2 protein chains.
Amino acid sequence: MSPRNSVLEARRTRQRIVERGLTLASVEGLEGLTIGRLATELGMSKAGVLGHFGTKERLQLAVVDAAAEMFAREVPQRVRHVPAGLAHLTALCEAWISYLERALLPGGCFFTAVATEFDGRGGPVRDAVAGLDALWRRDLSIHIRRAVVAGDLPAGTDPDQLVYELFGIMLALNHALQLHRDDRAPERARRAVRQRLGSPVPLGER
Amino acid sequence: MSPRNSVLEARRTRQRIVERGLTLASVEGLEGLTIGRLATELGMSKAGVLGHFGTKERLQLAVVDAAAEMFAREVPQRVRHVPAGLAHLTALCEAWISYLERALLPGGCFFTAVATEFDGRGGPVRDAVAGLDALWRRDLSIHIRRAVVAGDLPAGTDPDQLVYELFGIMLALNHALQLHRDDRAPERARRAVRQRLGSPVPLGER
DNA sequence: CCTACCGATCGGTAGG
DNA sequence: CCTACCGATCGGTAGG
């Protein structure tokens, strides 16, 4: 309510908190993300941080939203110009691998971390993560179906099976990168994707 | 030091603590495993619990050990009678799937949970988990090499690539079971394994 | 193995 | 957005 802080400035502060929270949570987890530490790192008071959200759970949900936006920006939006079907699916997988490889967040894939952290519990955070995961699976599934209809994937392809296997490839990539810092893992992920989807059309020929 | 508590009884108490700790940690994580909660659930004092380990970190390491023993008992030891090579590898994968499917621990695979929880940090707990993970990969790799030498897997097979893909299948299984309670996931895992290793020898013909 | 205690930190609130 | 504060819980220690 200080006259120096306009609504716009408050919104910017909120965004700063959420962005720092996302970075912190990727390493410490969403439960290990504490208001006190966040406040210290931002040079704010705890009450100043919490005031933007009300409760820790709503802060966690805001961080989940930010992670979803980041993933959308880095993966699906990067390839939105690629035609639907197999080409799009292949481009999505490459963008997904690249996203994990570049490690934009220090703790690796935020959703993998939060999914394993919250999968044994109930509550809105778990529901939000599960919902986003399901949405993403559906996106992949749609492109697989298109590719099958177009004859670019074998007619007998089971979309859910392929989604399952693609998820496995990416989970294994995140695991190898984060736990073993194995820099040959991205290459293995690409090989595994290629085996399932075929070679991508080279950039120059698109 | 109470005369009623022999060394043997102390060891049994220690085991009770570790077992309960393993169950708790599979849901709450190794950091979310608190000495106070463990004490309450066991009807003990905090000091009584901590006395067996000295520090929380050593309690965490004891829980990691117990998880490794459980996994060894449930997966490799169950198939130790199966001949080395492809048959053994196939049996290992089936035991691994079955282990995840039966969900002996309420939070799913302990190592997946702890690996993602600690992969962004340093310290002995992370090192212990990374070491066990590497050991398990090596076991799988050895059987793959044997199978290639015996001509049961294609000559060009890259062992590390196959280990990578098998890990992905199991990580995806744990993910689907825990986050979505998707009971068709074990079937998908089996199909994916079959595609890579071929059909297992039926039980009756072994 | 217990009671009794320590300083630090947790999420959150009151009041401005 | 701040200071000042709340009860609860954290990991850990002293002493028996």
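Below, chains carry the letters A, B, ... as their sequence lines are ordered, and counting in each starts from 1. Fair warning: this is a prediction, and the values are worked out from it, not measured in the lab.
- Remark: aromatic rings of B:Phe71 and B:Trp136 are close, center separation under 6.0 Å.
- Side-chain contact check for B:Ser98 versus B:Glu74: every heavy-atom pair is 4.5 Å or farther apart.
- Between A:Thr34 and C:dT9, a side-chain N or O to OP1/OP2 separation shorter than 4.0 Å is absent.
- At whole-Å resolution of the value, CZ in B:Arg37 and C1' in D:dC10 are 14 Å apart.
- In this structure, B:Leu42 atom CG and C:dC2 atom P are separated by 10 Å, rounded to whole Å.
- Between B:Thr55 and D:dG11 there is no side-chain polar atom (N or O) within less than 4.0 angstrom of OP1 or OP2.
- Going from atom CG of A:Leu38 over to atom C1' of C:dT9 covers 15 Å, rounded to whole Å.
- A salt bridge is defined here as a Lys NZ or Arg NE, NH1 or NH2 lying under 4.0 Å from an Asp or Glu carboxylate O, and A:Glu69 with A:Arg73 fails to meet this definition.
- Within 4.0 Å (heavy atoms only), B:Ser45 reaches at least one base atom of the nucleic acid.
- The distance between atom CE of B:Met44 and atom P of C:dT3, rounded to the nearest whole Å, is 11 Å.
- Straight-line distance from the CG atom of A:Leu50 to the P atom of D:dT3: 15 Å, rounded to whole Å.
- In this structure, the CG atom of B:Leu59 is 9 Å from the P atom of D:dG12, given to the nearest Å.
- Summarising the geometry, the separation between NE2 on B:His52 and C1' on D:dT13 is reported as 17 Å, rounded to the nearest angstrom.
- Pairing of D:dG15, defined by two Watson-Crick or G-U wobble distances under 3.5 Å, is identified with C:dC2.
- B:Arg58 has its CZ atom 13 Å from the C1' atom of D:dG12, to the nearest Å.
- Listed nucleotides C:dA14, C:dT3, D:dG11 differ in distance to B:Lys46; the shortest reach to its side chain belongs to D:dG11.
- Within the 4.5 Å cutoff, no side-chain heavy atoms of A:Asn174 are placed close to those of B:Leu171.
- Ionic pairing of B:Arg191 and B:Glu187 is not present here: no N-O contact between side-chain nitrogen and carboxylate oxygen is shorter than 4.0 angstrom.
- Note on B:Ile35: only backbone sugar-phosphate atoms sit closer than 4.0 angstrom, heavy atoms only; bases stay farther off.
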